[in-house]
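For reference, the structure is listed below as structure tokens.
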Amino acid sequence: MGHSVPLTVNGYTYEAHYSDEACKTVLMPLLQTLARIHQRGEGRTIAFLAGPPAAGKSTLALLLEALAPRVPGCDLQVIGLDGFHHYNDYLRTHELVRNGEAVSLAAIKGAPETFDVEKFAYCLAQTKTGEPVAWPVYDRTVHNPREDAALITAPIVLIEGNWLLLDESPWLELASIADYTIFLRAEESLLRERAVSRKARGGLSRTEAEAHYERTDGPNIRRALEHSRPADFVIQLTADGDLVCV
């Protein structure tokens, strides 16, 4: 038994499957919690959904958005952190020191240092006011953000991204803005296979995908797993792709 919901993630439409148990113990209780928080508070409610790359945050976020109409008082809209990537021109002309060597930001795109945190903090503060706010969205066809591509209007906003709970400055200063925090975790071995397979489906050879993992995805996955702040609600991705509470 289980349920399927049609979702479009990164331009691909497919059926997202989830078990009855995941619905009963993870998805619906989470939506009910967000509805209660909003009812008790004032203005717009903001929730963070953080976790390592390849854990399925985008799919989970959109799944929650699709299920939200089933929960009274849960008018939910999803938006991602990826629209706050620095533009490629910036990444190509800036670098950081890693392990004693200068590294171009373009070579580690997706790492925390490749995001415009100041811009994100500004949009986050504007969103908290409850007014409609335009947000940038990452365009995977040109591999750059598109400004003002989404308009935030819902009373409950779920923001998903790898670094939302990173316990490092300047990210940790943003955590207090969230009314509720969620972390989606998984074993690193599972995340490695998912990340490599995703790159291979995108056109890389298996060797190239594994090299990319060692250079970019692997360090990001370990950083997110090992250096994120505790969340209010933790979800574990199981080996068979299901979701359980931790």
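Just the heavy atoms: all of them, side chains too, but no hydrogens, waters or symmetry mates, feed the values below. In this text, all values refer to a predicted model and were calculated from it rather than measured experimentally.
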Check your understanding: For L30 and I182, what are the C-alpha separation, side-chain angles and deciding distance, and is it a side-chain contact (heavy atoms from CB on, under 4.5 Å)?
Key -> CA-CA 9 Å; L30 176 52; I182 308 148; 3.8 Å; yes

Exercise for review: Starting from the C-alpha separation in whole Å, work towards a yes-or-no answer on side-chain contact (heavy atoms from CB on, under 4.5 Å) for S197 and R206.
Suggested key: CA-CA 8 Å; S197 296; R206 180 78 185 189; 4.0 Å; yes

Exercise for review: Given side-chain contact (heavy atoms from CB on, under 4.5 Å), test I156 with R44 step by step and report yes or no.
Suggested key: CA-CA 6 Å; I156 304 174; R44 181 173 279 139; over 6 Å; no

Per-pair distances, 0.1 Å, donor-acceptor, side chain in residues 225-232, under 3.5 Å, sequence neighbours excluded:
from : atom 1 : to   : atom 2 : distance (Å)
S228 : OG     : A224 : O      : 2.6
D232 : OD2    : T181 : N      : 2.9
D232 : OD2    : T181 : OG1    : 3.2

Mind listing the side-chain donor-acceptor pairs of residues 237-246 below 3.5 Å, one per line with the distance, residues two or more places apart or on another chain?
from : atom 1 : to   : atom 2 : distance (Å)
T238 : OG1    : D240 : OD1    : 2.3
T238 : OG1    : D242 : N      : 3.0
T238 : OG1    : D242 : O      : 3.2
D240 : OD1    : D242 : N      : 3.2
D242 : OD1    : S19  : OG     : 3.2
D242 : OD2    : S19  : OG     : 2.7

Which pairs of donor and acceptor atoms, one on a side chain in residues 117-125, lie under 3.5 Å apart (sequence neighbours left out)?
from : atom 1 : to   : atom 2 : distance (Å)
K119 : NZ     : E147 : OE1    : 3.0
K119 : NZ     : E147 : OE2    : 2.6

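A 4.5 Å side-chain heavy-atom check between E208 and H212 finds every atom pair outside the cut-off. Between F183 and L165 there is a side-chain heavy-atom pair separated by less than 4.5 Å. Looking at L64 and V78, their side chains never come closer than 4.5 Å, going by heavy atoms from C-beta outward. Taking the side chain as every heavy atom from C-beta outward, I46 and I177 approach each other to under 4.5 Å. Side-chain contact between Y180 and T45 is absent, with no heavy-atom pair separated by less than 4.5 Å. At least one side-chain heavy atom of K109 sits under 4.5 Å from a side-chain heavy atom of N88.
Hydrophobic cluster membership of L172, counting Ile, Leu, Val, Met, Phe, Trp and Tyr whose side-chain heavy atoms lie under 4.5 Å apart directly or via other members: none, as it forms a cluster of its own.
S58 and E160 get closest at one heavy-atom pair: OG-OE2, 3.0 Å. In terms of heavy-atom proximity, P52 sits nearest to N162 at C-OD1, 3.8 Å. Residues P170 and E173 come closest through the heavy atom pair O-OE1, 2.7 Å. Closest approach of L184 and A55 over heavy atoms only: CD2-O, 3.3 Å. Closest approach of T153 and P132 over heavy atoms only: CG2-CB, 4.3 Å. In terms of heavy-atom proximity, W135 sits nearest to I152 at CD1-CG1, 3.5 Å.
Partners of T93 according to the side chain to side chain contact (heavy atoms under 4.5 Å, CB included) rule, which considers only residues two or more places apart in sequence or in another chain, do not exist here. Remark: T141 engages D139 in a side chain to side chain contact (heavy atoms under 4.5 Å, CB included) (not counting sequence neighbours). By the side chain to side chain contact (heavy atoms under 4.5 Å, CB included) test, N220 pairs with P53, A111, P112, W163, T216, sequence neighbours left out. In this structure, the salt bridge (Lys or Arg N to Asp or Glu O under 4.0 Å) partners of R192, at least two apart in sequence or on a different chain, are E214. In terms of the salt bridge (Lys or Arg N to Asp or Glu O under 4.0 Å) criterion, R98 has no residue partners (sequence neighbours excluded). In terms of the ring-ring contact (aromatic ring centres under 6.0 Å, His included) criterion, residue partners of Y138 (sequence neighbours excluded) are, by chain and number, H85. By the ring-ring contact (aromatic ring centres under 6.0 Å, His included) test, H86 pairs with Y90, sequence neighbours left out. Considering only residues two or more places apart in sequence or on other chains, E95 meets the salt bridge (Lys or Arg N to Asp or Glu O under 4.0 Å) condition with none of them.
I108 and L166 are not part of a single hydrophobic cluster, where members link through side-chain heavy atoms under 4.5 Å apart. If you chain together hydrophobic residues whose side chains sit under 4.5 Å apart, F115 and L164 fall into the same group. Following chains of ILVMFWY side-chain contacts shorter than 4.5 Å, one can reach L190 starting from L60, so the two form part of one hydrophobic cluster. Under the 4.5 Å side-chain heavy-atom criterion for Ile, Leu, Val, Met, Phe, Trp and Tyr, V196 and L191 are members of the same hydrophobic cluster. Using a 4.5 Å cut-off between side-chain heavy atoms of Ile, Leu, Val, Met, Phe, Trp and Tyr, with links allowed through other members, V133 and F48 fall into the same hydrophobic cluster.
Within the model, atoms CD of E101 and CG of L96 stand 11.5 Å from one another, a figure rounded to the nearest 0.5 Å. Taken from CD1 in I159 to CD in Q77, the straight-line distance is 10.5 Å, to the nearest 0.5 Å. Here L81 contributes atom CG and D116 contributes atom CG; the two are 10.5 Å apart, rounded to the nearest 0.5 Å. Atom CG of D89 and atom NE2 of H94 lie 11.0 Å apart (nearest 0.5 Å). Separating the CG atom in L31 from the SG atom in C23 is a distance of 9.0 Å, to the nearest 0.5 Å.
For T129 (side chain) and Q126 (main-chain N/O), a donor-acceptor pair under 3.5 Å exists by modelled atom type. No side-chain donor-acceptor contact under 3.5 Å links K57 to the backbone of A50. The backbone N or O of S205 sits nowhere less than 3.5 Å from a side-chain atom of E210 that would complete a donor-acceptor pair. Counting only distance, with no hydrogens or angles, the side chain of R194 and the backbone of A54 share a donor-acceptor pair below 3.5 Å.
By the neighbour-count criterion of 12 heavy atoms within 6.0 Å, atom CD of E42 is sparsely surrounded, having that number or fewer from other residues, nucleotides or ligands. For E187, the CD atom is loosely surrounded, since the number of other residues' heavy atoms within 6.0 Å does not exceed 12.
We find that D179 and K128 are joined by a salt bridge, their nearest charged nitrogen and carboxylate oxygen being less than 4.0 Å apart. Taking 4.0 Å as the cut-off between side-chain N and carboxylate O, E193 and K199 do not count as a salt-bridged pair.
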